[in-house]
Asker: 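If you scroll down you'll find the structure; I have some questions about it.
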Amino acid sequence: MDGDAGTQAARLERLETELALLKNQLHGLGGVEGMNAALVKPAAGQEDRLSLIVFSGSLDRLIAAFVLATGAAAMGMKVSMFFTFWGTSALRRDAQVKKSLLERMFGWMLPKGVAKLPLSQMNMGGGGPMMIRYIMKKKGVASVEEMMGIAAELGVEVNICTMSMDLLGMKEPEMVEYPGLAYCGVAKFLETAAPGKITMFV
Amino acid sequence: MQTLDARGKSCPLPIVLTAKAVKQMSVGDDLTIFADDRAFLPDIEAWCKKTGHELRGTQSKDGYFEAIVRRRA
């Protein structure tokens with residue numbers, strides 16, 4: 001009998017906690033109409049989404065970012081990538097764009113796209129990336145270019161930080177073509193990532 | 001019997017190709033996957049757990065692995 005009372009009390013407490021949580025979520029949605037109109041927003045950390053900030057511009061980190069993104073997408077998660085700072089280099093392509101002198105200098109100094117990215121270690125003047133790509137091919141690992149294609153097919157969202165582009169002198173016409181490619185600021189990232197289960201900085 | 005030969009391919013390809021193949025299948029169909037990536041066995045188990053599709057069985061063969069996945073919903 002004691003056991004029953006204890007279990008019942010525990011159950012009651014659990015139910016009360018859940019009720020309070022639910023009430024909190026519904027608060028502000030108004031009456032029945034409100035409930036139907038608004039899609040109930042998942043509580044923080046509940047949406048099945050992976051959000052990735054890609055800050056790095058090295059090939060090894062880009063590989064990791066895209067393995068994570070495509071893997072998550074293959075598992076049915078929603079995926080959002082936000083490219084900022086050195087990561088924006090990975091989304092460049094070779095294109096002639098009007099720029100100021102300082103912007104052009106940055107343009108020369110920064111890699112033009114994935115094929116030109118250095119490794120974060122053992123770069124060996126460009127030998128490192130060559131070796132890694134060779135081994136990846138041999139071992140049947142998809143190249144970053146292939147993974148970007150897969151990401152596009154699987155609906156991975158790609159966003160670019162406009163502030164980074166301004167700092168590094170990049171322009172929209174020189175960024176790669178990607179379905180739904182969007183430009184945004186930090187608020188978009190935070191709003192997207194806040195309800196998601198996994199958020200990472202690469 | 002639908003098969004997917006992912007031998008010679010490394011993570012994330014075996015799982016990505018599996019996801020794509022299963023999407024094309026009808027509910028209740030089985031897909032037999034061959035892969036030699038060492039990560040494949042734990043990965044396909046995790047993939048099934050996450051996506052809700054059924055892992056019918058796995059086998060270690062000579063130099064590769066075989067897994068059968070049934071599409072649920």
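For the numbers below, each heavy atom of this structure counts, side chains included, while hydrogens, waters and symmetry mates do not. Just so it is clear: chains get the letters A, B, ... in the order the sequence lines come, proteins before strands, and each one is counted from 1.
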Asker: Of all the heavy-atom pairs spanning Thr70(A) and Val16(B), show the shortest one and how long it is.
Answerer: O-CG2, 3.9 Å

Asker: Side chain, backbone, both or neither: which part of Cys48(B) has an atom under 4.5 Å from a heavy atom of chain A?
Answerer: neither

Asker: Can you confirm whether more than 12 heavy atoms, excluding those of Met163(A), are under 6.0 Å from its CE atom?
Answerer: no

Asker: Does CZ in Arg104(A) sit with more than 12 non-hydrogen atoms of other residues, nucleotides or ligands closer than 6.0 Å?
Answerer: yes

Asker: With only heavy atoms counted, which part of Leu154(A) is less than 4.5 Å from chain B, the side chain, the backbone, both or neither?
Answerer: side chain

Asker: Counting only non-hydrogen atoms closer than 4.5 Å, does Lys20(B) touch chain A with its backbone (N, CA, C, O), its side chain (CB onward), both, or neither?
Answerer: side chain

Asker: Nearest 0.5 Å, please: how far is CE in Met75(A) from OG1 in Thr18(B)?
Answerer: 11.5 Å

Asker: Check whether more than 12 heavy atoms from other residues, nucleotides or ligands sit under 6.0 Å from atom CZ of Arg61(A), and answer yes or no.
Answerer: no

Asker: Taking all atoms of both residues into account, what is the closest heavy-atom pair of Ala74(A) and Ala19(B), and its distance?
Answerer: O-CB, 3.4 Å

Asker: Minimum heavy-atom separation for Leu13(B) to Gly140(A), with atom names?
Answerer: CD1-O, 3.7 Å

Asker: Heavy-atom count around Lys99(A) NZ within 6.0 Å, excluding the residue itself: above 12?
Answerer: yes

Asker: Out of Lys49(B), Lys23(B), Lys9(B), which one racks up the most heavy-atom pairs below 4.5 Å with chain A?
Answerer: Lys9(B)

Asker: Quick check on Glu45(B): does its CD atom have over 12 non-hydrogen neighbours (other residues, nucleotides or ligands) under 6.0 Å away?
Answerer: no

Asker: Give a yes or no on whether Lys50(B) atom NZ has more than 12 heavy-atom contacts from other residues, nucleotides or ligands under 6.0 Å away.
Answerer: yes

Asker: Less than 4.5 Å to any heavy atom of chain B: does that hold for the side chain of Glu153(A), its backbone, both, or neither?
Answerer: side chain

Asker: At a heavy-atom separation under 4.5 Å, does Met147(A) approach chain B through its side chain, its backbone, both, or neither?
Answerer: side chain

Asker: Minimum heavy-atom separation for Val141(A) to Ser10(B), with atom names?
Answerer: CG2-CB, 3.4 Å

